[in-house]
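Presented below is the structure to which this report refers.
What you see below is based on every heavy atom in this structure, not just the backbone, and it leaves out hydrogens, waters and symmetry mates. Letters go in sequence order (proteins before strands), and every chain restarts at 1.
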Amino acid sequence: MKEIRVRFAPSPTGYLHVGGLRTALYNYLFAKKNNGKFILRIEDTDRNRYVEGAVENLINSLKWCGLTYDEGPDVGGNYGPYMQSQRLDLYKKYAEELIKNGHAYYCFCSQERLQSIREEQEKQKVPQIKYDKHCLGLSKDEIQENLMNNVPYVIRLNVIPNQKIIFQDIIRGQVEFDSINIDDQILIKSDGYPTYHMANVVDDHLMEISHVIRGEEWLSSTPKHILLYDYFNWEKPEFAHLPLLLNPDRSKLSKRQGDVAVEDYRAKGYLQSALINFVALLGWNAGDDKEFYYMNELIEKFSLERVNKAGAVFDLQKLNWLNAEHLRKIDNIELLKMLKVYLETTQYSKLNYDDEKLLSIIEAMKERVSFIHEFVDNCKYFYEEPSEYDIKSIEKNWKEDSPSLLIKFKEQIEKLNNPQKEDFEIAFNKVVEELNIGKGKLIHPLRLALTGQSTGPGMFDILIILGKEEIISRIDKAIKTIQIIKGT
RNA sequence: GGCCCUAUCGUCUAAUGGUUAGGACAUCGCCCUUUCACGGCGGUAAUAUGGGUUCGAAUCCCGUUAGGGUCACCA
């Protein structure tokens with residue numbers, strides 16, 4: 001059997017789009033599943049859109065996602081170079097071959113003439129605006145003369161009209177087009193660079209790509225590619241056109257309506273395993289109820305036949321849920337490393353908490369967060385004393401006798417020497433029993449005094465993390481501050 | 001506008017001619033917990049529409065509607 005070879009072929013626009021990530025991922029999964037090769041090819045044939053550092057950025061995002069490729073610009077391979085801008089001679093050579101066979105021709109028409117053709121056709125309301133094949137009628141001598149005089153030219157595909165072009169798409173089944181609707185596509189631009197269609201077909205052939213897996217936006221240009229394969233007399237690859245990723249309003253996923261770059265999600269603290277899991281499920285499922293996947297499981301289960309036809313809305317809520325799920329599966333030692341990295345970027349970088357303390361924060365918060373940064377943002381009271389107290393909680397939980405209860409509790413704490421979690425528990429119970437009150441009467445104002453809010457981990461987890469001295473000082477401060485707030 | 005693709009809960013989807021149309025996210029309620037979260041249980045919620053074919057249609061066919069893609073010397 002022929003070797004499976006697939007490619008991800010982005011143009012370097014500056015970042016990796018999540019739609020591109022999904023395309024890359026499906027290519028990767030398909031290759032790995034079938035013991036094939038996954039190739040990265042950079043389609044940088046538009047000199048006007050050159051962006052400094054775009055390729056490096058793309059490669060970084062791909063690597064962060066764990067999509068390692070077998071061949072590519074920075075890793076090499078037997079089919080290189082993998083940057084189209086370094087393959088210009090090849091495209092030229094094949095275009096000239098097409099000219100010899102009559103399947104392509106030189107076109108010397110100016111932009112102005114093309115413009116006026118278009119306007120004229122628009123006026124006449126022709127169904128499909130097309131080039132009028134004017135230069136196809138040029139004699140050999142005229143062409144020679146133009147070339148000698150360095151008249152700028154492009155090379156166009158000579159499309160024969162009224163032919164049915166039929167191909168099988170793995171996802172969509174049979175798709176039919178009529179060549180009457182296909183323009184004499186430019187193959188080589190006047191700057192000598194190829195257009196997408198030319199470069200793509202030549203490279204896919206030369207690189208022995210077995211399956212072209214790409215976004216649906218390419219479906220309607222596939223007949224052009226089919227024509228090229230036929231005119232070259234080359235064997236065609238299999239095609240699979242993936243459904244699009246959509247905004248919540250069902251338009252094509254765009255920057256205007258949220259983040260589209262992989263690096264944005266990375267910067268916001270999304271885990272790569274969660275992003276991959278989420279994106280994999282946008283348009284594919286294994287046919288069962290499983291939704292939590294790691295990459296190796298995706299590889300095992302993936303098949304193109306189970307990819308959906310309809311576009312999928314990129315739903316942040318589900319991504320957030322998956323992120324939390326993935327986060328909870330990470331062991332605490334690993335979380336500790338991640339938390340320390342994050343802390344370095346915050347105002348608390350000079351706190352120098354020891355690992356034991358950070359580990360207990362992780363332990364206390366793990367079921368309550370969806371992101372690493374929430375080990376800090378959702379419980380700042382572990383890193384600094386509260387600067388304000390939740391007003392609703394004051395109204396609800398701060399009673400006349402709250403200060404005296406807290407003072408009683410504080411007195412018990414002051415007696416403790418190097419207290420452990422159980423000691424706090426004993427001290428707490430002692431106060432409650434002596435005063436013969438419900439636990440809530442003390443727990444609520446205590447939580448408010450120590451954290452400034454009414455929600456969070458168990459009280460004794462908070463106590464042990466804060467420690468004796470901090471508890472005492474926070475109780476003192478809270479009593480003073482809240483009395484003032486209540487007074488006004 | 002031409003051509004092409006698509007259409008199941010708000011969202012992601014399952015059901016490839018016979019199911020009380022299933023699951024997940026979100027949402028609502030209850031339980032657990034003297035907080036919150038996690039967890040458990042339950043509820044609301046879908047086959048766009050009109051015709052066929054068939055004993056039987058979400059599923060096959062045709063029309064309509066709606067959405068999307070594409071029609072560049074961009075990819």
Side-chain angles (χ1 to χ4, degrees), chain A residues 9-13 43-49 84 107 109 111 114 118 122 125-131 152-156 169 171-173 175-178 180-183 185-197 199-200 214-223 241 243-244 246 248-252 278 281-292 305-306 308-322 324-325 328 364-370 378 393 396-397 438-444 446-448 451 453-459 462:
Chain A
S11 67
T13 54
E43 309 225 321
D44 55 343
T45 56
D46 185 357
R47 289 199 292 183
N48 300 322
R49 290 214 293 184
Q84 290 186 327
C107 172
C109 290
Q111 295 284 5
L114 295 178
R118 241 172 250 139
E122 227 162 285
K125 294 215 161 73
V126 297
Q128 185 67 37
I129 293 175
K130 278 157 63 178
Y131 177 62
Y153 67 91
V154 300
I155 297 176
R156 282 183 187 274
D169 186 281
I171 294 166
R172 278 151 224 287
V175 184
E176 274 187 50
F177 290 86
D178 194 309
I180 190 82
N181 294 310
I182 300 171
D183 199 2
Q185 183 64 48
I186 289 175
L187 267 16
I188 303 287
K189 300 181 252 185
S190 58
D191 64 2
Y193 277 63
T195 56
Y196 170 85
H197 309 286
N200 194 265
R214 70 207 334 179
E216 194 192 333
E217 68 265 33
W218 295 111
L219 189 58
S220 41
S221 39
T222 304
H241 287 94
L244 259 19
L246 272 26
D249 69 358
R250 305 204 77 85
S251 57
K252 191 177 168 184
F278 175 65
L281 258 18
L282 250 27
W284 172 86
N285 75 89
D288 52 27
D289 287 340
K290 186 174 164 66
E291 300 215 75
F292 185 96
E305 285 72 21
R306 288 204 63 88
N308 282 102
K309 293 182 173 88
V313 172
F314 193 91
D315 177 22
L316 265 187
Q317 278 183 319
K318 191 145 188 177
L319 173 58
N320 290 344
W321 168 75
L322 265 177
E325 291 289 303
R328 289 190 197 109
M365 294 299 293
K366 199 170 182 177
E367 300 295 322
R368 281 162 245 266
V369 300
S370 302
N378 287 11
S393 180
K396 194 176 165 207
N397 299 318
K439 288 181 177 179
K441 270 199 87 84
L442 177 53
I443 244 177
H444 294 305
L446 180 58
R447 178 184 294 283
L448 180 61
T451 70
Q453 51 189 71
S454 61
T455 64
M459 199 63 244
I462 295 176

What does A/Pro457 touch in the nucleic acid at a heavy-atom separation under 4.0 angstrom: a base, only the sugar-phosphate, or nothing?
base
Across all strands, who's sitting opposite B/C71 as a Watson-Crick or G-U wobble pair, both distances under 3.5 Å?
B/G1
Within the structure shown, what part of the strands sits under 4.0 Å from A/Tyr196 by heavy-atom distance: base, sugar-phosphate, or nothing?
base
Roughly, in whole Å, what's the span from CD in A/Glu217 to C1' in B/A72?
16 Å
How would you label the contact of A/Ser221 with the nucleic acid (heavy atoms, under 4.0 Å): base, sugar-phosphate, or nothing?
nothing
Sort out the partner of B/U44 for me: Watson-Crick or G-U wobble, both distances under 3.5 Å, none otherwise.
none
Whole-Å distance separating the CD atom of A/Glu216 from the P atom of B/G68
12 Å
Under a 3.5 Å cut-off for both distances, is B/U16 Watson-Crick or wobble paired, and to whom?
none
Measure the distance from CG on A/Asp44 to P on B/C73 and round it to the nearest whole Å.
20 Å
Name the nucleic acid region contacted by A/Val154, choosing base, sugar-phosphate or nothing; use a 4.0 angstrom heavy-atom cut-off, strictly under.
base
It should be established whether A/Arg49 places a side-chain nitrogen or oxygen under 4.0 Å from OP1 or OP2 of nucleotide B/A72.
no
Report the base-pairing partner of B/U54 (Watson-Crick or G-U wobble, both distances below 3.5 angstrom), or none.
none
Quote, to the nearest angstrom, the C1' distance that separates B/C4 from B/A46.
28 Å
Nearest listed nucleotide, side chain of A/Asn181, among B/C25, B/A75, B/C3
B/C3
Does some side-chain heavy atom of A/Asp191 sit less than 4.5 Å from a side-chain heavy atom of A/Arg47?
yes
Spacing of the P atoms in B/G51 and B/G10 (rounded, Å):
24 Å
Can you tell me the base-pairing partner of B/A7? Count Watson-Crick or G-U wobble geometry only, both distances below 3.5 Å, and say none if there is no partner.
B/U65
